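Notes follow once the structure below has been shown.
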2 protein chains.
Amino acid sequence: MNSSRPVTIKDIARRFRCSPSTVSRALNDHPAINEDTRKNIQEYAKEVGYQRNEVSLSLLNKKTATLGVVVPTIGNYYETAVIEGLHTILQPLGYTLNICVTNENYLLEKEYLSKLLSNRTEGIFLSVSQETYDAGYYEHLESVIQRKTPLIFIDREYEDFETSRATVDDYHGAFAAVEHLLTIGYKNIAHLKGPNGLTVSEQRFKGYRDCLKKYEIPIREELIINTNFKVESAIVPTKRLLDLDFPPDAIFGVNDQVAIGAMRVILDRGLKIPGDVGIVGFDNSPISAYTYPSLTTVHRPGRKIGMEASRLFLNQLNGSGDFVHENIVLPTELIIRESSLRIS
Amino acid sequence: MNSSRPVTIKDIARRFRCSPSTVSRALNDHPAINEDTRKNIQEYAKEVGYQRNEVSLSLLNKKTATLGVVVPTIGNYYETAVIEGLHTILQPLGYTLNICVTNENYLLEKEYLSKLLSNRTEGIFLSVSQETYDAGYYEHLESVIQRKTPLIFIDREYEDFETSRATVDDYHGAFAAVEHLLTIGYKNIAHLKGPNGLTVSEQRFKGYRDCLKKYEIPIREELIINTNFKVESAIVPTKRLLDLDFPPDAIFGVNDQVAIGAMRVILDRGLKIPGDVGIVGFDNSPISAYTYPSLTTVHRPGRKIGMEASRLFLNQLNGSGDFVHENIVLPTELIIRESSLRIS
DNA sequence: ATAATGTATGCAAACGTTTGAAAAAATTTA
DNA sequence: TAAATTTTTTCAAACGTTTGCATACATTAT
C-alpha cells in the first residue's frame, strides 16, 4: 500500500479538540461558528489539503450529480459534438458526465447501464449499440425504467419505447440530399447505405427511396449497397457500383466518411467529380469542407442535439409526478459544395 | 419528486423479518446462510429489482474502481484511440473510466481534477490543456501528488514533473518525415507548426529543424507558420507560403488535419501534389489513406499509448512504497503514400 | 441575584453496506 | 438429558459527512 489516507473531518476535529460537527460547519461557513474557530479550521484544512469526501455526501444526500452518457463510439465528429452540447448545458449545473463507450456491443452496454444505476447516476443519455438494436434487446432498459432514472435517447431509438428522445430528422435530410442531386440533373443515384436495422441508416435510406418515388424514378436494388459507416467500407461497394453495366451518375453516402471513400475510388478510375459522378455525404464533418473536391453534405446538428437532450433531462427531473415524454426532432440543413455541382 | 426510492437491503430485511446482515450475506452467497433463506432472499431481490448501492460500498471500502481520463479534446482520431487503449486494459479489470474534456481550458482542468479527487478516483490519466501548459500552471497537480493518487501523463507532459508518462516519439517521427521528403528530392520544406509551447508541437518542430540541420539546409523562418491543429487553421498559412517569392516545394504538417487543409489550398492553385508540392502529415488518421491524393503521414500509436499508460498505472498501484516513475516513449512509423511520391 | 437572551459547541442519527464477533438455535454426541 | 458441536442469525461498528436538537457558556436585562 502506498496511498496515504486522505485527511478527514475527524482528523481535523481531533487536531482542534472539537467535534466533527464544528469542523463541518466551519468549513461550510455556518454562521453559528466562532470567527476565530472558523478561520483556524479553514486555514488548517487548506494546509493539510483537506478535500471533502463526495462519496459520503452522495450517500447521505442520495445525490451524485453524475450523469451517464452511453454511446456506441466516440471516434466521429458527430458524437463528439453531441457530448460537447451536453457538456455545455450540464457542466455549469454541476453535473459530471460519465462517458461510456459500448463499441456497438450489447453486453458492454448492459454492463454499463447496470453499473451506472448501481452508482446511482441521476440520469442516462443513451444511443443504443448496433447489437442491441439488431437483436431488439430491451430488458436491460427495464431496470432503468423501474428505477425511474431519467433516460433520454439520443440519435438511435427504439420506435416503441416510452422515453424522451432527441433525434435528427434524418429522413428529410436524406430526402433533400437526393432531391438536390435530381434537380441538378443526376438521374441514376446510388446509395451507400448504413448497417441494416439502425434508425439512422433506415431513415436515410427511406428518405432516398421516397425521394426517388416522388420523382417517379424506379429503384434499382443494385444501386443500394451496405457499409458500416467507416471510410474503408465504401471502397468495395463503390467499385461494384462503377463496374455495373449502367453505373450510377451520383452517389448518396450515408455519411461523410463513406462519401469520401467513394470519391477516392471514383477519382482513381479517372472519372470526374462532379462531372461524371455527383457525391453527397451526411454529417457536415469539419473535413468535408476541405476534401478535394469539397463535399456536399447534410448538416447534422450534434451540438444542438446534446443541448436539447440536456433540456429533456432537466424537464424530466423537474416534471411533477410521472415523466413527461418528449420527442424532439431537429431539422438538418443541406450544405452544397463542389462534389455535386455539375458544370452544365 | 418523481424518483421512487431504490430498494435497499434494509427493505428486504424488513420483508423477511431478519437482519440486514443476513440479507447482505444471502445476496453474496455467504456459506453460513441457510440454503432456503438464501434462495428466498435472492428471488425476492431479483423480483423487486434490488441493486447494490455502490456508493455506500465505495465509502466503506475506500475503493471506487473509477479512473479519471482528462483530455483537452476528444474530436480527433488520436484521443479516441488512446481512450480505446485504456479501455481495453482497464475495463476487464473492473474499472470505470470517467472521461473529462477540458477544451484546452485550465480552469476546467483544475475543476475536473479537484472533482475527481473529491470523488476518490483511484488514478488519473492526464493530457494537460494548452492553457495549462502555456501558463505553466502546476499547482492544481500538487493536490493529486499530495494525495498520492497515481497520475499518468499521456502525450503532453511537463518536462520537469515527477510522474509516469506514456508519450509518442514525436521528435523522431517528425525527423523521419522530413528526411523522407529530403531524400526524395524536395529541397524547400515548410512546416505548418502546432501551437507554441505544447510538447507535441515543439518536439515535431525540433525534429523538422534538426533534420534540416543534419542535411545542412538553412532554416527559413518564413517557412514555419503556426496553426491550431484544425483543418481550417491551415488555409491562410498555406496561402501565405505559396505567395512567397520562393515558395516551398514541400510541406510538413503538424498533423493530418493541417496537411489536408494545405493540400486543398495547393490543389486550388492548380498545383500538383506531389509533383509541385510534396505533403506529409502526422497521425495516420483513418481518413488519410483516402484523401486525394492519399496522404503520407507518421503513424502515432494511440491505442498502444493507452495500453502502456494503463500498464504504468497498474505498476504504480502495485508498486511497493514510493511510486516508480516510468517514462515510456513509443516509436512512430512513417507511412508513405501518394502525397510525397514525386514522379521523377 | 435571577431570569432571559444570545452565542458557540456537542450529540446522535442518518445514508447503505459489510464483517468480525457474539449469540441463538438446531443438531449431534456422549 | 446434558454437553458438545454445528449451523444460522444478530449485533455493532465502520466508512465521512451533515444537521436538528440539546446543551453549555457568556452576556444582558430585570
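The structure displayed is predicted, hence computed values, not measured ones.
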In whole angstrom, give the distance that lies between atom CD of A:Glu54 and atom C1' of D:dG16.
11 Å
Spacing of A:Asp36 atom CG relative to C:dT7 atom P, expressed in whole Å:
16 Å
Of the candidates D:dG16, C:dT17, D:dT18, the side chain of B:Lys62 sits closest to D:dG16
Step-by-step salt bridge (Lys or Arg N to Asp or Glu O under 4.0 Å) determination, A:Lys39 to A:Asp36:
CA-CA 5 Å; A:Lys39 228 183 191 157; A:Asp36 287 344; 5.6 Å; no
Would you mind classifying the nucleic acid contact of A:Phe16 as base, sugar-phosphate or nothing, using non-hydrogen atoms under 4.0 angstrom?
nothing
Go nucleotide by nucleotide along DNA chain D from the 5' end; which of B:Ser19 and B:Leu59 gets its closest nucleotide reached first?
B:Ser19
Let's see if you get this right: which residues in residues 22-32 of chain A place a heavy atom under 4.0 Å from DNA chain C?
A:Thr22, A:Arg25, A:Ala32
Any salt bridge between A:Glu122 and A:Arg120, counting N to O under 4.0 Å?
no
Consider only side-chain N and O atoms of B:Glu79 and B:Thr73, and report whether a donor and an acceptor are under 3.5 Å apart.
yes
Contact class for B:Ile9 vs. all strands (heavy atom < 4.0 Å): base, sugar-phosphate, or nothing?
sugar-phosphate
Quiz question: going by heavy-atom distance under 3.5 Å, is there a donor-acceptor pair between the base of C:dC15 and the side chain of B:Thr8?
no
Under 3.5 Å side-chain donor-acceptor pair for B:Thr132 and B:Glu109:
yes
B:Ser164 side chain to B:Gln316 side chain, donor-acceptor N/O pair below 3.5 angstrom
yes
Base, sugar-phosphate, or nothing for B:Arg120, non-hydrogen atoms under 4.0 angstrom?
nothing
Does OP1 or OP2 of C:dT17 have a side-chain N or O of B:Asn53 closer than 4.0 Å?
no
Measure from CG on A:Asp11 to P on D:dG16 and round the result to the nearest Å.
8 Å
From D:dT9, D:dT18, C:dT17, pick the nucleotide closest to the side chain of B:Tyr50?
C:dT17
Roughly how many Å is it from CG in A:Leu60 to P in D:dT18, rounded to a whole number?
8 Å
Are B:Lys10 and C:dA14 close enough that a side-chain N or O sits under 4.0 Å from OP1 or OP2?
no
Between A:Glu84 and B:Asn103, do the side chains contain a donor N or O and an acceptor N or O under 3.5 Å apart?
no
Between B:Asn34 and A:Gln51, who's closer to the 5' end of DNA chain D by nearest nucleotide?
B:Asn34
Could you check how far CZ of B:Arg38 sits from C1' of D:dT7, rounded to whole Å?
16 Å
Between C:dA8 atom P and A:Ile41 atom CD1, what is the distance in whole Å?
13 Å
When you measure from the side-chain N and O atoms of B:Ser56 to the phosphate of D:dC15, is any distance below 4.0 Å, counting only OP1 and OP2?
no
Whole-Å distance, A:Lys63 NZ to D:dT18 P, equals 15 Å
Ring geometry between A:Tyr44 and A:Phe16 (parallel below 30°, tilted from 30 to 60°, perpendicular above 60°)
perpendicular
Do B:Ser58 and D:dC15 have a side chain to base donor-acceptor pair shorter than 3.5 Å?
no
Using whole Å, report how far CZ of B:Arg17 lies from P of D:dT8.
21 Å
Check this one for me: any side-chain N or O of A:Ser21 less than 4.0 Å away from OP1 or OP2 of C:dC11?
no
So with a 6.0 Å cut-off around NZ of A:Lys110, is the heavy-atom count from everything else above 12?
no
